[in-house]
Number of protein chains: 2
Amino acid sequence: MSTAQPHPSAKRPAGITEVARHAGVSPGTVSNVLNRPERVAGPTRARVEAAIAELDYVRNSSGSSLRSGRSDAVGLLVLDVTNPFFTEVARGMEDEAAEAGLAVLLLNSAESGTRQRRNLRLLAEQRAAGAVVMPVDDDLSDLLWLHRQGVPWVALDRGDVPEDVGCSVSVDNHAGGLAAGRHLVGLGHERVTFLTGPPAIEQVRRRHDGLRDAFTESDLDPDGSISVIELPQLNPEQGERAVDAALAGGPRQRSTAVMCANDQLALGFMKGLGRRGLRVPDDISVIGYDNVDVASLVHPGLTTVAQPKYELGRTAMRLLRAQLDDPDHLHQRLLFSPELVLRGSTAAHRP
Amino acid sequence: MSTAQPHPSAKRPAGITEVARHAGVSPGTVSNVLNRPERVAGPTRARVEAAIAELDYVRNSSGSSLRSGRSDAVGLLVLDVTNPFFTEVARGMEDEAAEAGLAVLLLNSAESGTRQRRNLRLLAEQRAAGAVVMPVDDDLSDLLWLHRQGVPWVALDRGDVPEDVGCSVSVDNHAGGLAAGRHLVGLGHERVTFLTGPPAIEQVRRRHDGLRDAFTESDLDPDGSISVIELPQLNPEQGERAVDAALAGGPRQRSTAVMCANDQLALGFMKGLGRRGLRVPDDISVIGYDNVDVASLVHPGLTTVAQPKYELGRTAMRLLRAQLDDPDHLHQRLLFSPELVLRGSTAAHRP
DNA sequence: CATCGGTTTTGAAACGTGTCAACGGAGTGT
DNA sequence: ACACTCCGTTGACACGTTTCAAAACCGATG
């Protein structure tokens with residue numbers, strides 16, 4: 001823990017009062033020049049602006065948020081900064097926040113409950129104007145705590161939050177799983193592996209359910225047709241490592257297609273297959289989820305379920321703004337539809 | 001611009017004074033419990049802690065940073081949040097900052113000077129404890145301004161900052177370009193294209209210089225051997241679009257290898273080649289720069305120049321901490337060495 | 001000149017925290 | 001009993017901003 005001693009010779013930068021003295025007006029007037037310039041007469045405003053320029057004064061946001069009880073920053077808490085899915089969401093949120101004059105504090109849970117908790121606490125300490133949060137697991141108590149602390153939020157990719165505490169924006173994960181499943185069934189695959197992460201993550205559970213329902217509606221038994229491999233994390237390394245398990249049973253017994261809970265997993269898995277000399281889609285079909293940019297860059301292109309990433313972030317922030325502007329705001333749940341993107345990694349099963 | 005009216009029924013959360021009243025002590029004592037617990041006697045401390053728990057008090061950082069003139073947040077200003085290279089840097093910085101109890105404010109320039117300026121101003125307003133910055137172009141005046149405002153910083157991937165204003169951590173871009181160039185020359189390539197971004201970016205200029213020097217040292221004329229394609233941005237789309245230009249001249253005249261200033265460009269470029277039916281490395285060799293995770297996931301694997309991304313972020317933050325802890329800190333320049341990573345995208349030229 | 005309406009400026013009071021000199025009390029040695 | 005030290009606690013103040021009622025100003029009108 002560094003103690004951050006201020007440099008001895010460090011003078012505090014000029015404040016509003018010093019500007020006032022310099023311009024021969026009262027601090028209140030300077031504040032008005034900054035916040036409601038129309039209320040102050042032309043010549044005075046000019047004098048103040050000159051003083052501001054001369055001292056190169058910059059407003060101290062601690063002072064103002066202390067006074068108002070609210071800072072002008074909003075938080076975005078993501079599960080994993082290194083996942084391109086989230087960075088795209090961040091872009092959307094950032095653009096919308098910039099329009100509202102709000103700064104975005106990007107925080108990373110790194111899929112850890114402890115870090116999520118620490119970050120939410122930080123937002124409360126900062127008296128953040130609001131937050132957009134992708135919860136790390138089913139336990140929403142941290143979010144309820146944040147709500148009690150008076151920080152409004154919007155949940156991302158998590159449709160099951162109580163409507164009296166916050167909004168949510170998500171994509172229909174069941175529909176996504178269903179679309180992927182129908183695609184595979186339509187191609188004649190009857191033995192499929194679902195490669196997934198910790199079942200605590202609601203999103204991937206629902207994708208799994210969708211996949212199962214696709215089999216059920218075609219009169220196939222999901223329990224017999226789908227085998228599941230659970231991995232501790234949703235990253236490429238884990239995907240690559242899972243190849244062994246997925247290939248168990250040999251060519252006659254093993255799955256002919258693999259659905260991954262996430263593109264990151266799928267990309268790693270495909271790499272692992274390549275290393276084994278297996279060809280996609282000839283030997284095995286692979287389908288991902290998210291449609292991250294690289295999905296179109298690999299060869300063969302990765303068939304995947306696209307989510308409107310940028311729009312997701314942008315909409316979440318829009319909902320948050322609505323909440324900030326309107327005191328009697330009613331929380332709502334928004335649900336986007338996913339879209340199946342066909343590329344080269346899936347093909348018909350040749351028995 | 002949303003006006004962010006506070007909700008009328010919103011009560012301010014409990015402050016240090018209310019906690020004090022509740023525990024029957026003075027505010028000063030509560031402050032001591034929070035900041036120097038060893039100075040306060042056991043029983044009193046227990047009483048205060050009970051009060052804190054009961055009111056679920058959370059410290060208001062506006063108050064404390066107003067008082068101290070410094071907030072406990074540091075900024076990380078990256079060129080482009082969607083580039084996996086930067087997110088890896090962010091992870092490194094974050095880990096080191098967490099150890100120092102500092103929060104990281106991740107800001108995005110999106111390769112725009114205006115946004116960089118706005119973000120630096122934001123950091124000044126927040127009275128950030130410090131910043132790690134990857135400057136968007138050669139113009140360092142914004143950084144000098146930040147220094148005048150009293151916010152210490154470390155420049156990332158930019159070795160040419162004056163030593164009296166700040167530290168820098170970078171990777172030897174010339175060495176990286178040289179290594180890549182030697183590799184290509186060693187494989188017998190004598191007509192090479194350098195695919196790059198705006199020449200305002202110092203990093204890519206030095207990589208270019210390194211590439212040229214590799215040719216010179218083998219008695220090849222760089223001007224005759226290397227053709228350059230400048231693109232407005234360093235992203236996959238631009239890389240894909242550049243294929244036309246790179247293939248101009250037909251099989252007999254065109255380059256036999258392409259060095260990209262960046263993996264993102266290289267990945268897009270390879271995709272474009274695939275779409276044209278050209279094979280890497282048989283028809284053309286491709287080499288990238290950065291060694292982002294996906295470089296190993298595509299097929300063929302992308303030969304590239306690796307930078308110690310995580311370490312870069314971590315070290316920058318370490319330098320920043322040193323600066324915060326030690327008033328008479330001497331700024332320094334750290335230079336990491338890049339490393340050539342050989343994968344399948346480069347092969348010997350067969351005349 | 002007194003009064004009025006409207007605009008512009010002022011001054012003081014809060015917001016929550018950290019700091020620091022001063023204070024009180026308990027113990028110790030003379 | 002007194003002086004002294006040590007430790008724990010106090011109380012007041014300062015940090016920079018915003019807000020708001022009140023004051024000052026100005027030109028016009030009766």
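Please read these numbers as outputs of a predicted model, since none were measured by experiment. Chain A is the first sequence line, chain B the second, and so forth, proteins listed ahead of strands; every chain is numbered from 1.
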Next item on the list: In whole angstrom, give the distance that lies between atom CG of Asn35(A) and atom C1' of dC20(D).
Entry: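 So the CG-C1' distance, Asn35(A) to dC20(D), works out to 14 Å.
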
Next item on the list: Using chain B heavy atoms and a threshold of under 4.0 Å, write down where along DNA chain C the contacts begin and end, 5' to 3'.
Entry: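 Counting from the 5' end, contacts occupy dC15(C) to dT19(C).
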
Check: In degrees, rounded to 10°, what is the bend between the two ends of the helix from dC1(C)-dG30(D) to dT30(C)-dA1(D), using five pairs at each?
Finding: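 It works out to 70° between the end axes.
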
How would you list, by chain and number, every residue that makes a side chain to side chain donor-acceptor pair (under 3.5 Å) with [X], sequence neighbours excluded?
{"X": "Thr114(A)", "result": "none"}
{"X": "Arg148(A)", "result": "none"}
{"X": "Thr44(B)", "result": "none"}

Which residues share a salt bridge (charged side-chain N to carboxylate O under 4.0 Å, His left out) with [X], sequence neighbours left out:
{"X": "Arg333(B)", "answer": "Glu163(B)"}
{"X": "Asp95(B)", "answer": "Arg115(A)"}
{"X": "Arg39(A)", "answer": "none"}

Note to self: Whether the side chain of Arg127(A) engages the backbone of Gly69(A) through a donor-acceptor N/O pair (distance < 3.5 Å, no angle test) should be reported.
What the structure shows: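 No.
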
Notebook entry, point to check: Is there a donor-acceptor pair under 3.5 Å between the side chain of Gln203(A) and the backbone N or O of Asp157(A)?
Noted result: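 Side chain of Gln203(A) to backbone of Asp157(A), a donor-acceptor pair under 3.5 Å: yes, one is there.
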
Notebook entry, point to check: Does Arg118(B) pair with Asp142(B) as a salt bridge, N-O distance under 4.0 Å?
Noted result: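 Judged by the 4.0 Å cut-off on N to carboxylate O distance, Arg118(B) and Asp142(B) do not form a salt bridge.
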
With a 3.5 Å cut-off and sequence neighbours excluded, list the donor-acceptor pairs that the side chains of residues 311-320 of chain B form with protein atoms.
residue   : atom : partner   : partner atom : Å
Arg314(B) : NE   : Glu96(B)  : OE1          : 2.9
Arg314(B) : NH1  : Tyr310(B) : OH           : 3.0
Arg314(B) : NH2  : Glu96(B)  : OE1          : 3.3
Arg314(B) : NH2  : Glu99(B)  : OE2          : 2.6
Thr315(B) : OG1  : Glu311(B) : O            : 2.5

Please list, one pair per line, the donor and acceptor atoms closer than 3.5 Å that link side chains of residues 51-60 of chain A to other protein atoms, with sequence neighbours excluded.
residue  : atom : partner   : partner atom : Å
Asp56(A) : OD1  : Gln149(B) : NE2          : 3.2
Arg59(A) : NH1  : Glu125(B) : OE1          : 3.2
Arg59(A) : NH2  : Ser64(A)  : OG           : 3.2
Asn60(A) : OD1  : Ser62(A)  : N            : 2.8
Asn60(A) : OD1  : Ser62(A)  : OG           : 3.2

Notebook entry, point to check: So Glu18(A) and Arg21(A), salt bridge (Lys or Arg N to Asp or Glu O under 4.0 Å) or not? Walk me through it.
Noted result: CA-CA 5 Å; Glu18(A) 194 169 344; Arg21(A) 199 180 322 145; 5.5 Å; no

Next item on the list: Let me have a per-nucleotide readout for nucleotides 7-16 of chain D, 5' to 3', with B, S or -, counting only protein heavy atoms under 4.0 Å.
Entry: -SSB---BBB

What protein N or O atoms touch nucleotides 21-23 of chain D N or O atoms at under 3.5 angstrom, if any, and at what distances?
none

